[in-house]
Structures are given as C-alpha cells and as structure tokens.
Amino acid sequence: MFPLLVTGGCGFIGSNYIRYVLENDPNLCVINLDALTYAGNLANLADLEGHPRLRFVKGDIANPQDVRQAIGRGVSGIVNFAAESHVDRSIMDSGPFIRTNVVGTQVLLDAAREFRVPLFIQVSTDEVYGSLGPTGLFTEKTPLAPKSPYSASKAAADLLVLAYQHTFGLPAMITRCSNNYGPYQFPEKLIPLFITRLLQNQKVPVYGDGQQVRDWIYVRDHCAGIEAVRQRGRVGEVYNFGGKCEKTNLEMTHLLLDLLGKPKSLIEHVQDRPGHDRRYAIDCSKAERELGWTPKVSLDVGLKQTIEWYQTNRSWVATVQSGEYRSYYEKQYGRI
Ligand code: NAD
Ligand code: TYD
C-alpha cells in the first residue's frame, strides 16, 4: 500500500497525529513533509526517530517541486496540517499565512489531482465560522465569516478544497476543530504559554477582560476524529470536532493557577487583541452520529496530563525558549 502523506507533522497536532496513526494502524507508512518553520520541531517526533514506517522530508507545501518529491511514486492520501497557525502573528504579518495556508493548499490540491491521490483531508478550524454571541453553536452549515487574517486564510483554503472537490471530483473532506491543547504545543498559545510561564513563577498575560470563550479539546481526541474521517468520512463533507468544554479565558487561567498551586497575583490583564473573537462553541453531533466519534478526555484529566508533560519535559521547553531546537535539523541532516 502507498504511504500516507502528512504535512506539518513536526508541529503540535501533526506530530500527535503521526504518533496516533502509527500506533493505531500497524500497516500504515507515513511521509512527513514539513518546512520546519519556527513552529516545526523535529524533537516533537524524537521518540519515533528511526521508526521503520516513518520518513521525514523537509519541504514547503507552497513549492510544487517539494510536494512532487514527497509524493514520489504515489501516496494513499494527504492529510494537510501544515499552516501558519497563530492569530497574533497573523495580525502582525499576514503574508506567510496567505502563502502557506492559501497558496500551499492550492499547490497540494493540484498535486493531488496530478497524482490522482485517492483521499485529501484538509485540517481546518472552527475559527472560519467567525465569532458567536453568548448563545448558539457552530454547525457545519454555519456560514463562513472569518474575522482574523489567520481564520480568513483558513477559510480561503477550505473554499478551495470544496471547489476542487466540486469541479474536479477530488476526493476531499474538511475537518473543523476547536482549540486544542496537550503535549508538544508551542508555548505561544494560551495553555502552553501559561503553563510554562507559571512553572517559572512568571506573570500570565490575559487579553482584555478575559471573558472570551473557547471550546477546549485534548489533542488526541482531535487526532482520533481526523483518523475517523480518514477511515469513514464521506467525500465532499465537512466535519466539526470539539471538546464540549466551553471556558472563558479567565476561568481557564484560574484552573491552571489552581492545578499548579500558584497565586492569583500572577494574573496580569494586558491590552486586548485587535478584533478579538468573543466566543467559539461547536456542535460536533454530525461527527458523533456519522463517524461514531466522541471526545473522551475530560478537561480535568487532559489539563493534568498536559501540565505533567510540560513539567517532565523541561529540556524540550528550554530548547524551544532558547531557540536551540531550530538547529536539530542541521545537527541530524547537515545544513538547512
Ligand atoms: P503548528 O503551528 O504547531 O504547526 C504547523 C506545522 O506546519 C509546523 O511543523 C510547521 O513547520 C509546518 N509548516 C508551516 N508552514 C509550512 C509550509 N509552507 N510547508 C510545510 N510545512 C509547513 O500548528 P498546529 O497547532 O499543529 O495546527 C495544525 C493544523 O491544525 C493547522 O492547519 C491549524 O490551522 C489547524 N488547527 C489548529 C488548532 C489548534 O488549536 N492548534 C485547532 C483547529 C485546527
Ligand atoms: P490562542 O491560544 O492564541 O488561540 P486562538 O486565538 O486561536 O483561540 O488564544 C486562546 C484565547 O486566549 C484567545 O481568546 C486569546 C487569549 N489569550 C490571552 O488572553 N493571552 C495570551 O497570552 C494568549 C496567547 C491568548
């Protein structure tokens, strides 16, 4: 059988997904295509180094040559995680977001057509739906109304995927998930940033009033959802995934402080994010009904496991914070 091409497998969710599929599908071989941007870290897959069913290719999804090279003689599917993923960075400079998230997806879609790839999964986000008021949930039928450069670039990619499916019959599907947390998340996102700062007794910056709501899902539950789509998803469909766990940012901050035994004086209210989405909340009943999937890890258990991971992997944190992780590729493979 041809291998599965996973893009962005050195990032947070991609690395967890590769670990998940290699464990759960003993016949599957994986090619991991990753450009190793600041968010890509080979150490995220250090435990799988030398794995006989995993191959790493350094390359850019927006470069057709790199993509062709990774596909080689053919692949059984493409799961596209590769993206610029941080909203704050997209507000500072949207250029890399358009290049990777939009152009990169288009290049992958064209390659999927050229090589007649039998399955294309676009890993997207609930942020494409925009922001909710105090009530209601995003369903797969909610109109796209992205509000940040990041979510706009992801929505553009989603529309391209659906257009390629419609126009060319490309066997594509889209997953849209809420906020993930868990091991190997780059400490720029809320949960890993706050855990790593609190472990060092540093203050944590809560944007604005901290009353913004996010739905939190443990990363392995998201990986199980993507895997269910790979196994049982219907072509042309969109599947929402979520943790059924809405929390305001301040509630989440207090939970982390309590679990880590740190004082409330470490909370610092800082200037709000421009255009900050107020509330995300997801209806994932379609995935539950059609795929037999449901989120399994409670916030309490997931947060405890995540904190424990950051506590026991202090060298991972230290090399990320110092920037040393960026030289792993050179050390292993020679010059970038
Ligand atoms: P991440 O930022 O941790 O990782 C992104 C990975 O993509 C990195 O390894 C990076 O090197 C790689 N990459 C970036 N540009 C590339 C390019 N041009 N070519 C090849 N590789 C490239 O992101 P993440 O949090 O793991 O998110 C993965 C996917 O899931 C993204 O598409 C994101 O939009 C989506 N998503 C994330 C969340 C979340 O909470 N983190 C929620 C829903 C959906
Ligand atoms: P983040 O993890 O960046 O995910 P997203 O913006 O994609 O939802 O942020 C989660 C929430 O936490 C969001 O409402 C912004 C807020 N936030 C803070 O209050 N302080 C911070 O330092 C960060 C990174 C985020």
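In each ligand, atom 1 is the first atom listed, and ligand 1 is the first ligand listed. All figures in this text were calculated on a predicted structure; none of them were measured in a lab.
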Parallel, tilted or perpendicular: which fits the ring planes of Phe241 and His222, with parallel below 30° and perpendicular above 60°? tilted

Should Leu36 be listed as contacting ligand 1, given a heavy-atom distance under 4.0 Å as the test? yes

Backbone N/O of Ser90 and side chain of Ser94: donor-acceptor pair under 3.5 Å: no

Quick one: does any side-chain atom of Asn240 pair with a main-chain N or O of Lys286 as donor and acceptor, under 3.5 Å? no

Between Arg89 and Tyr150, a side-chain donor and acceptor under 3.5 Å: no

Residues, nucleotides or ligands: over 12 heavy atoms within 6.0 Å of Gln311 CD: yes

Checking a contact table here: which protein heavy atom is nearest atom 25 (C) of ligand 2, and how many Å away? Tyr207 CE1, 3.6 Å

Whether the side chain of Asn180 engages the backbone of Ser178 through a donor-acceptor N/O pair (distance < 3.5 Å, no angle test) should be reported. yes

Phe81 vs Tyr17 aromatic rings, parallel, tilted or perpendicular, using cut-offs 30° and 60°? tilted

Ignoring angles and geometry beyond distance, decide whether Thr100 reaches within less than 3.5 Å of ligand 1 through its nitrogen or oxygen atoms. yes

Does Cys177 come within less than 4.0 angstrom of ligand 1, counting non-hydrogen atoms of the residue? yes

May I ask you to identify, for Tyr150, whether its side chain, its backbone, both or neither come under 4.0 Å of ligand 2 on a heavy-atom basis? neither

Here the atoms of ligand 2 under 4.0 Å from any heavy atom belonging to Arg214 are 8 (O), 13 (C), 14 (O)

Within a distance under 4.0 Å of any heavy atom of Tyr280, pick out the atoms of ligand 2 and give their elements. 8 (O)

Verify, without hydrogens or angle tests, whether Thr248 (side chain) and Gln211 (backbone) share a donor-acceptor contact under 3.5 angstrom. no

Which of Val229, Ile121, Leu119, Thr175 passes side-chain contact (heavy atoms from CB on, under 4.5 Å) with Val79? Answer is Ile121

Please state which protein non-hydrogen atom is closest to atom 4 (O) of ligand 1 and give its distance, to 0.1 Å? Gly11 CA, 3.4 Å

Yes or no: does Pro96 have any heavy atom under 4.0 Å from an atom of ligand 1? no

If you measure every N or O of Asn41 against every N or O of ligand 1, does any of those distances drop under 3.5 Å? no

Between the candidates Arg278, Glu127, His86, which shows the shortest non-hydrogen contact distance to atom 5 (P) of ligand 2? Glu127

Are there more than 12 heavy atoms of other residues, nucleotides or ligands under 6.0 Å from atom NE2 of His269? yes

Glu188 side chain near Tyr38 side chain, heavy-atom distance below 4.5 Å: yes

When you look for heavy atoms under 4.0 Å from ligand 1, do you find them on the side chain of Glu127, its backbone, both, or neither? neither

For Ser15 and ligand 1, answer yes if some heavy atom of the residue is under 4.0 Å from a ligand atom, otherwise no. no

Tell me whether Tyr150 reaches ligand 1 (any heavy atom closer than 4.0 angstrom to a ligand atom). yes

Quick check: does Asn80 get an N/O under 3.5 Å from an N/O on ligand 1? no

Could you tell me, atom by atom, which parts of ligand 1 come under 4.0 Å of a heavy atom of Cys10? 9 (O)

Within the 4.0 Å heavy-atom cut-off, what Leu190 brings close to ligand 2 is both

Gly9 to ligand 1, any heavy atom closer than 4.0 Å: no

Lys154 N/O to ligand 1 N/O under 3.5 Å: yes

Is it the case that the side chain of Arg55 and the backbone of Ile31 share a donor-acceptor pair, with hydrogens and angles ignored and the cut-off at 3.5 Å? no

So, is Gln212 polar-close to ligand 2, with some N/O to N/O distance under 3.5 Å? no

A student comparing Thr175, Asn63, Asp34 should find that the heavy atom closest to atom 9 (O) of ligand 1 comes from Asp34

Polar contacts were defined as any N/O atom of the residue lying under 3.5 Å from an N/O atom of the ligand; does this apply to Asp60 and ligand 1? yes

Are any side-chain N or O atoms of Asn16 and backbone N or O atoms of Phe12, one a donor and one an acceptor, separated by less than 3.5 Å? yes

Those atoms of ligand 2 less than 4.0 Å from some heavy atom in Pro205: 18 (C), 19 (O), 20 (N), 21 (C), 22 (O)

Can you confirm whether the side chains of Ser285 and Asp283 place a donor and an acceptor under 3.5 Å from each other? yes

Can you confirm whether the side chains of Gln65 and Gln69 place a donor and an acceptor under 3.5 Å from each other? no

Nearest-option assignment for atom 38 (C) of ligand 1, heavy atoms, candidates Val219, Ile13, Thr125: Ile13

Proximity of Val270 to ligand 2 by residue part, where a heavy atom lies under 4.0 Å: neither

Among Gly242, Ser85, Ser153, Ala82, the residue with a heavy atom nearest to atom 22 (C) of ligand 1 is Ala82

For the pair Tyr184 and Trp309, name the ring-plane relationship: parallel under 30°, tilted 30 to 60°, perpendicular over 60°. tilted

Can you check whether Leu132's main-chain N or O pairs, donor with acceptor, with Arg279's side chain at less than 3.5 Å? no

Does any N or O atom in Leu33 lie less than 3.5 angstrom from one in ligand 1, N or O only? no

Does any N or O atom in Asp88 lie less than 3.5 angstrom from one in ligand 2, N or O only? no

Under 4.0 Å from a heavy atom of His276: give me the atoms of ligand 2 that qualify, with their elements. 13 (C), 14 (O), 15 (C)

Of all protein heavy atoms, the one nearest atom 3 (O) of ligand 2 is Arg273 NH2, 3.1 Å

Looking only at N/O atoms, are Glu188 and ligand 2 under 3.5 Å apart anywhere? no

Are the side chains of Lys154 and Gln122 in contact, using a 4.5 Å heavy-atom criterion? yes

Quick look: Leu193 vs ligand 2, heavy-atom contacts under 4.0 Å, and the answer is side chain

Do any heavy atoms of Phe81 fall under 4.0 Å from ligand 1? yes

Decide whether Gln305 and Tyr218 meet the rule of one side-chain donor and one side-chain acceptor closer than 3.5 Å. yes

